[in-house]
Participant: 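This structure is in structure tokens; I'll ask about it shortly.
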Amino acid sequence: MRNRIFLLWLFCASFLSGQVANGNESSFDSSLRHEASTLLTEWMDAFLSYQCTNSHPALDGGILCPACARIHGRIGDAVLPLMYLADKTGNNKYLFGAKRLMAWMENIHRPDGSWMNDVHVSDWNGTTVFASIALYEALHHHGHLLDDSTRNHWKQQLVEAGDFMMNNPFIYSRNREGMRNMNVNYSASATYALYAIGEFCNRPEFKKEAQEIADGLKHYFTENDYFLYGEGPNIWSKTPNGCRPIDLLYNVEESLPNMAYYAVMADDTELLSLVEHSMDTHLEFMLPDGAWDNSWGTRSFKWTYWGGRTSDGFMGGYYLLASRHPAYAEAIRRNIKLLKEATHEGLLYGGMHYRASGIPPCIHHTFGHAKALTAFLELPPLGIEPSRKLPRDAAYGTKYFPDIHTWLLSQGPWRATFTGYDAEYKVKGTHPMGGALSMLWHSQAGAIFAATMNRYQLIEAPNMQSNTRKYLMGGTPRIEMVANGVAYSNLDDLDTDIKYHAGNESHSFTVNTHLVDINQKTPPQGEVPITIYYTFSGQGIDISVNDCHDSAYLMLPIIASPEEEVQITPQAVFIKKERGVLGLQCESGRIEVAPTDADGRIFNPVPGFSFVPLRIIPNDADKNIKVNLFFR
């Protein structure tokens, strides 16, 4: 116990002092920090190239988004990376950019101390918690760069933001009846924001409120796997499948890191232990290429494969605890590599195929994850050589997570996710259910299937990109039929039974489900039961359906960049990948391709892949479907 308390104290002291112990830096630390610093500089140089220079105060200092053609209200979060680079490089362009940025933020600063998330789009101001964290860290680490007037003004805004959070328990805490009203990422992050501002500005009542919020949050971890829940309504009772509203990305990129920072500052060892257990569980869902598999989460409508569209990133919070969990540092390394692959012309694109599909990058991704990279770089190097393995690297067979009724499969080069997760968000159809194969990944081919919303909707329109192409459909494998213009599939079915069986050298899933629409209504002809069989073996993956309904078909939206060569016949599909050929052989039934855009693909903004929409039509005689998926 004494060693644990000393370690917490050491973390806290090094973080609060802002000192970097370069003598502890290992070769891994040095390489990782170089990669992070290089990417951060590339991002922020491009970011500043979009900064408006105009005599009108409504524009001057703002950042014009090349995708959304407007200024996002959360650009103030970039004050942290800009101040960091100003301090580390001595280049005044970053300092001037930060000061002009914060001057523009006066346009959305409200008398109650909050900042609006958007300009004339919505009046939502709950994101003040994230703006205040960025401003606190900028002042704490780099406030010495500022003149007294600017520093005092920014510090006063921190106090006002703290007062706003104290006065709005509806957003950040619980109301008088003890009910939580907003998604849990706000209250989770308020623990750190309020405690840090209280410490920095000598407001003990802020620290007391942070501790009370944190005490309440200790009851928001699931009993089996320590998932943090609360990303959606109906948190007080479990679903029929034993689930609560959970979103992987909001947890790993906001809630868990911010609670970790709070727990270290406040020496809350009980909460820190819960957060560590939860971080371990969430890391099970990182794919070997550094992607986060949020194919099932309640808010996966903001999933981007490499992370979240408007969340910050996991790097700082995970590195804070990496001395006891070396795999955390390896996760950061792999994710940074993936972020680099999605960066073009200095901006982070909202998915791996955005650029190839001609979709411009929303600048929100760049400044949000620049904030997370900076949070990591602000921490002292740990001097560790991390574990070079992540949980999903191992070919362990299957792991079942009862709190989300989801299986992870890992066999040979294949990684798959099967989900019967039935906790719905405020809007229906945000994530697949019904025994969906929500993720399929191969060590040489990369992502093959990746779930989308069941029906693409701008659920948070200011924080999402609208579709600009002619065709749009879901990217999740499914059994589907269309009646009177309405699509019915297994993806919205709340009455699905999933059975798993382990063979000698194979893994099988049997999914007994039904075809329903997005509101769980059956087709006009009544209930349509369907059974889908999945078998993973050394020969690849077999998917079969017996006695398929007359007008139903198997939809396989197979991921393929517009830059990849595709060959299609009625019985086979071959996609030329960088390291080989991905093949699909139709043993029973025939292959059709749904209408596509001019590049032969359908692009879905979430999680940002293009795919070839294959329909597998059952045989006329026996109504059977069987396909084999392989890579060679």
Participant: For Thr191 and Leu217, work out which heavy atoms get closest and say how close.
Facilitator: CG2-CD1, 3.8 Å
Participant: Just say parallel, tilted or perpendicular for the rings of Tyr261 and Tyr192, cut-offs at 30° and 60°.
Facilitator: parallel
Participant: Would you indicate whether the side-chain heavy atoms of Ile197 and Ser132 approach each other to under 4.5 Å?
Facilitator: yes
Participant: Verify the ring-centre separation between Phe227 and His282: is it less than 6.0 angstrom?
Facilitator: yes
Participant: Say whether Thr127 and Asn117, considering side chains only, have a donor N or O and an acceptor N or O under 3.5 Å apart.
Facilitator: yes
Participant: For Ser311, which residues count as a side-chain hydrogen bond (donor to acceptor under 3.5 Å, both in side chains) partner, sequence neighbours excluded?
Facilitator: Glu253
Participant: Taking atom types as modelled and ignoring hydrogens, do the side chains of Asp422 and Thr239 form a donor-acceptor contact shorter than 3.5 angstrom?
Facilitator: yes
Participant: Any chance the side chains of Trp441 and Asp289 put a donor and an acceptor closer than 3.5 Å?
Facilitator: yes
Participant: Can you find a heavy atom in the side chain of Phe28 that is under 4.5 Å from one in the side chain of Glu330?
Facilitator: yes
Participant: Report yes if some heavy atom in the side chain of Glu212 is under 4.5 Å from a heavy atom in the side chain of Leu194; otherwise report no.
Facilitator: no
Participant: For the side chain of Asn258 and the backbone of Glu254, is there at least one donor-acceptor N/O pair under 3.5 Å apart?
Facilitator: yes
Participant: In Å and rounded to the nearest 0.5 Å, what is the CG to CD distance from Leu390 to Glu284?
Facilitator: 10.0 Å
Participant: Looking only at non-hydrogen atoms, find the nearest pair between Ala78 and Phe47 and report the distance.
Facilitator: CB-CZ, 3.6 Å
Participant: Below 6.0 angstrom between ring centroids: does that apply to Phe285 and Trp296?
Facilitator: yes
Participant: Can a cation-pi geometry be assigned to Arg33 and Phe376, taking NZ or CZ under 6.0 Å from the six-membered ring centre and within 45° of the ring axis?
Facilitator: yes
Participant: Can you tell me if Tyr136 uses its side chain to pair, donor with acceptor, with the backbone of Phe200 under 3.5 Å?
Facilitator: no
Participant: With sequence neighbours excluded, give me every salt bridge (Lys or Arg N to Asp or Glu O under 4.0 Å) pair touching residues 111-130.
Facilitator: Arg70-Asp118
Participant: Measure from the ring center of Phe221 to the ring center of Tyr226 and say whether it is less than 6.0 Å.
Facilitator: no
Participant: Is it the case that the side chains of Asp293 and Thr417 hold a donor-acceptor pair, with the cut-off being a distance below 3.5 Å and no angle test?
Facilitator: yes
Participant: What are the two closest heavy atoms between Tyr319 and Leu382, and how far apart are they?
Facilitator: OH-N, 3.0 Å
Participant: With a 3.5 Å cut-off and no angle check, do the side chains of His325 and Tyr318 form a donor-acceptor pair?
Facilitator: no
Participant: With no hydrogens and no angle check, do the side chains of Asp225 and Tyr400 hold a donor and an acceptor under 3.5 Å apart?
Facilitator: no
Participant: Answer yes if the side chains of His153 and Glu106 hold a donor-acceptor pair under 3.5 Å, and no otherwise.
Facilitator: yes
Participant: What are the two closest heavy atoms between His72 and Cys362, and how far apart are they?
Facilitator: NE2-SG, 3.5 Å
Participant: Check the side chains of Tyr94 and Lys88 for a donor-acceptor pair under 3.5 angstrom, ignoring hydrogens and angles.
Facilitator: no
